[in-house]
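Structure, as structure tokens:
Proteins come first, then strands; the chains are lettered A, B, ... in the order of their sequence lines, and each starts at number 1.
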Amino acid sequence: GAGVSQSPSNKVTEKGKDVELRCDPISGHTALYWYRQSLGQGLEFLIYFQGNSAPDKSGLPSDRFSAERTGGSVSTLTIQRTQQEDSAVYLCASSYHPGRYEQYFGPGTRLTVT
Amino acid sequence: SQQGEEDPQALSIQEGENATMNCSYKTSINNLQWYRQNSGRGLVHLILIRSNEREKHSGRLRVTLDTSKKSSSLLITASRAADTASYFCATDAGGYQKVTFGTGTKLQVIP
């Protein structure tokens, strides 16, 4: 079946603008993760959704970042008033069950804030 | 802070040699996973080892887990240029909660 998809693949925006990044997980996967990766760095956990439970937002770097997961499927990560330090690759992953099974990653969205 | 820390941060070897990467973590886990990342985009799952397992093999990959030392190692035997990538360990921090990733080891295999 189809893997995890993300859109757009690349996004260039001006400082101060809002951006929305989309993730379509694999159908049936209950867990969905957002990560951020700056150039040459490791993965920074942002937010985690598991079924109908309240999301774990502990990794969001500021209140400019928010995410939703509608109907337990598609997720949108929103960054308001973007800053240059927000430039990174944003990766989404989904899993059948957190921890017990592997995560399947999307190709990422490369965000550049000018 | 990161749950997992890989060591070394970077590793350069000749094709045909073996590559060993280590991962240390802080809290008890149910499972530990290793992933590979090419070209700074999506990660690919390599292998999962459960906390009650000590060693696992998959092709040229061998993973060990020592829960008493809270550490794991990934061995790639007979390395190839195509193995050049970053390798990350990931743990669930117990309780089947969120999975977090280590800082990664950048492996370069020189043809």
Side-chain angles (χ1 to χ4, degrees), chain A residues 3-10 23-26 29-51 53-60 67 87-112, chain B residues 1-10 21 23-53 56 58 61 63 85-108:
Chain A
V4 177
S5 62
Q6 291 186 246
S7 60
S9 57
N10 287 284
C23 172
D24 281 271
I26 293 173
H29 281 190
T30 62
L32 187 147
Y33 305 77
W34 282 98
Y35 299 92
R36 178 170 71 175
Q37 187 175 34
S38 300
L39 186 63
Q41 302 299 310
L43 273 71
E44 176 187 4
F45 166 79
L46 296 178
I47 188 168
Y48 156 65
F49 296 89
Q50 167 56 22
S53 303
D56 180 344
K57 304 179 181 180
S58 60
L60 295 179
S87 296
V89 175
Y90 289 81
L91 293 163
C92 173
S94 70
S95 172
Y96 180 68
H97 188 290
R100 288 180 182 167
Y101 297 92
E102 65 266 34
Q103 294 185 33
Y104 291 82
F105 279 80
T109 293
R110 186 178 300 279
L111 175 66
T112 303
Chain B
S1 62
Q2 297 283 357
Q3 158 75 329
E5 299 283 341
E6 283 91 342
D7 168 63
Q9 288 187 325
M21 290 157 257
C23 169
S24 59
Y25 56 91
K26 299 173 183 174
T27 64
S28 62
I29 62 170
N30 292 299
N31 303 304
L32 184 143
Q33 303 177 52
W34 284 91
Y35 289 79
R36 183 184 72 222
Q37 184 181 38
N38 295 93
S39 305
R41 300 298 277 229
L43 281 71
V44 174
H45 180 260
L46 294 176
I47 197 165
L48 180 152
I49 186 166
R50 306 196 187 281
S51 59
N52 62 353
E53 297 176 308
K56 202 162 184 179
S58 177
L61 306 180
V63 170
S86 290
Y87 293 81
F88 295 88
C89 69
T91 55
D92 67 337
Y96 295 115
Q97 298 301 313
K98 69 188 182 190
V99 173
T100 55
F101 285 75
T103 51
T105 292
K106 294 181 182 179
L107 172 66
Q108 181 184 27

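Distance check, rounded to the nearest 0.5 Å: CG of B:L43 to CZ of A:F105 gives 4.5 Å. In this structure, OG on A:S95 lies 9.0 Å from NE2 on B:H45, to the nearest 0.5 angstrom. Summarising the geometry, atom OG1 belonging to B:T103 is positioned 9.5 Å from atom CD belonging to A:Q41; distances are rounded to the nearest 0.5 Å.
Annotation: B:Q9, atom CD; neighbour count of heavy atoms from other residues, nucleotides and ligands within 6.0 Å does not exceed 12.
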Practice problem: Decide yes or no on side chain to side chain contact (heavy atoms under 4.5 Å, CB included) for A:Q103 and B:F101, but give the supporting numbers first. | Solution: CA-CA 11 Å; A:Q103 294 185 33; B:F101 285 75; 4.0 Å; yes
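Between A:L91 and B:Q37, the shortest heavy-atom contact is CD1-NE2, 4.1 Å.
When ring centroids are compared, A:Y35 and B:Y35 stay outside the 6.0 Å threshold.
With a 4.5 Å cut-off on non-hydrogen atoms, A:S9 touches chain B through its backbone and its side chain both.
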